[in-house]
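What you see below is based on every heavy atom in this structure, not just the backbone, and it leaves out hydrogens, waters and symmetry mates. Since the model is a prediction, treat every value here as computed from it, not as a measurement.
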Amino acid sequence: MNSLASYSSEPLMNLSAKFAAFKTARFRSLKVHLENFGQPFKILSRGQMKIQQMAFVLVALMVFFAMVALFYFSFSLGSLEKGAQSLQQDEAKELVRKMASTSEFAFTSKDCSNCIDMVKVLVLKDRGSYEDFWNLDFLQIKKVHPSSNEIECEKSNYPDCNTITIIPNEEIGSPPSAFVSLCSWEQSQEFFKCELGRILASGKDLK
Amino acid sequence: MMSKKAQEEIVGFVLIVIIVSIVLVVFLGIIIRQDRPSSNLESRDIHQFLESTMQYTSNCAIGYEPNYLPLNDLIQECHKSLSTCTSGKDPCTVLESTLSEIIESSFHIALDASTKGYEFKSTYSSDSITEEIISLTKGNCSQTIKGSDLPMPAFPGTISSSFKLCS
């Protein structure tokens with residue numbers, strides 16, 4: 001029993017000494033704290049200083065990451081708008097390209113995917129019912145080569161002209177366009193002649 | 001003891017700098033990858049230009065008039081070098097002049113323009129040989145901005161025509 005008491009009393013003694021030391025230190029810290037009351041940024045002890053340092057670093061890191069995220073979202077939103085615009089343009093160009101292969105325009109006398117029959121186009125120009133057929137605001141076919149003065153084509157002056165406007169619109173700036181072959185029957189020498197041209201279109205679907 | 005504390009501070013500082021650098025690198029990487037220009041659609045424009053150009057009826061009639069050849073047949077005729085046009089001109093000369101006229105009237109190419117030059121090339125290639133049929137260049141072509149190829153059958157090989165616009 002005695003041996004047991006001596007065995008267990010020694011750590012107890014150490015513990016009470018440690019507690020006394022802790023109390024003294026805590027009292028000293030509290031005293032310092034009370035002396036510095038009203039000066040919140042005065043560092044009280046090394047542990048508190050470390051915690052404060054860590055808190056500042058964490059706050060700074062949070063602010064930094066928030067700023068990076070803000071920059072990222074502003075950039076990505078900007079690129080999203082750009083992407084939407086370019087997708088609209090792509091779609092518009094795709095539709096313009098498709099126009100040449102529609103049966104209303106296609107030149108079928110030879111195997112050519114983007115050849116336009118100029119006679120068909122001249123006939124279409126005079127048919128007002130086709131103005132709403134493609135849901136377009138503007139549709140024009142222009143000769144690029146051989147180049148000539150800008151003269152609107154009519155049945156009376158064809159082929160001495162270079163533009164056929166099927167759906168006219170004066171307010172169109174620079175609509176999407178695609179290269180096409182403009183083919184027709186050359187009456188004087190009796191052969192099919194193809195020239196280089198552009199098809200320009202703009203409308204509700206093509207912005 | 002003080003030097004150990006200073007070392008700890010430096011390690012912390014270095015860690016923060018590394019974290020910040022990694023975040024910046026990732027951020028810049030994302031931004032740069034998003035801004036990479038895509039010339040796919042523009043190349044399709046050039047492809048359509050090439051297709052339409054190849055259908056263009058030239059002034060060169062072979063054998064009789066009005067057997068005027070489209071440019072794709074004129075390239076083959078130029079490669080074979082067997083006949084001349086009814087006008088007496090060489091098919092290659094007609095091809096060269098017609099092509100340069102078409103390109104000049106289709107694109108605005110100048111030193112002060114966004115397109116500073118072009119390069120057109122037609123090459124015949126078969127299992128055994130590769131021959132250049134025609135090559136047209138103009139301006140400074142150090143950097144290609146858009147271009148496309150158009151292959152055509154020319155038994156026993158193929159003729160490939162390429163057109164590039166340069167910035």
| message | Evaluate Val23(B) against Phe64(A) for side-chain contact (heavy atoms from CB on, under 4.5 Å), listing each step before the verdict. | response | CA-CA 10 Å; Val23(B) 169; Phe64(A) 173 74; 4.0 Å; yes
| request: Could you please spell out the steps behind the side-chain contact (heavy atoms from CB on, under 4.5 Å) verdict for Leu50(B) and Phe179(A)? | output: CA-CA 9 Å; Leu50(B) 272 175; Phe179(A) 283 103; over 6 Å; no
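Residue Phe71(A) places its CZ atom among 12 or fewer non-hydrogen atoms of other residues, nucleotides or ligands, all under 6.0 Å distant. Under a cut-off of 6.0 angstrom, the local environment of CG in Leu111(B) is sparse, with at most 12 non-hydrogen atoms contributed by other residues, nucleotides or ligands. In this structure, Lys164(B) places its NZ atom where only 12 or fewer heavy-atom neighbours from other residues, nucleotides or ligands lie under 6.0 Å away. At most 12 non-hydrogen atoms from other residues, nucleotides or ligands lie less than 6.0 angstrom from CG of Asn149(A). Within a 6.0 Å sphere centred on CG of Asp111(A), other residues, nucleotides and ligands contribute 12 heavy atoms or fewer. A 6.0 Å sphere centred on NZ of Lys120(A) holds more than 12 heavy atoms belonging to other residues, nucleotides or ligands.
Ser177(A) contributes atom OG, which lies 7.0 Å from atom CG of Asp45(B) (distance to the nearest 0.5 angstrom). Rounded to the nearest 0.5 angstrom, Arg198(A) CZ and Ser52(B) OG are separated by 10.0 Å. The CD1 atom of Ile102(B) sits 5.0 Å away from the NE2 atom of His145(A) when rounded to the nearest 0.5 Å. Taken from NE2 in His47(B) to CG in Asn114(A), the straight-line distance is 8.5 Å, to the nearest 0.5 Å. To the nearest 0.5 Å, the span separating SG on Cys112(A) from CD on Gln55(B) amounts to 4.0 Å.
Looking at Gln53(A), only its side chain comes within 4.5 Å of chain B, counting heavy atoms on both sides. Only the side chain of Phe65(A) comes within less than 4.5 Å of a heavy atom in chain B; its backbone stays farther off. Using a 4.5 Å cut-off between heavy atoms, Lys50(A) contacts chain B through its side chain alone, with no backbone atom that close. Neither the backbone nor the side chain of Phe13(B) comes within contact range of chain A, judged by heavy atoms closer than 4.5 Å. For Glu65(B), the part sitting under 4.5 Å from any heavy atom of chain A is the side chain, from C-beta outward, and nothing else.
In terms of heavy atoms, Ser113(A) sits closest to Glu51(B) at OG-OE1, 3.8 Å. When all heavy atoms are compared, the tightest approach of Thr57(B) to Cys194(A) is OG1-N, 2.7 Å.
In the model, Tyr68(B) has a side-chain atom that pairs as donor or acceptor with a side-chain atom of Gln189(A) under 3.5 Å.
Note on ring orientation: taking the six-membered ring where Trp is involved, the planes of Phe27(B) and Phe75(A) are perpendicular (angle over 60°, cut-offs 30° and 60°).
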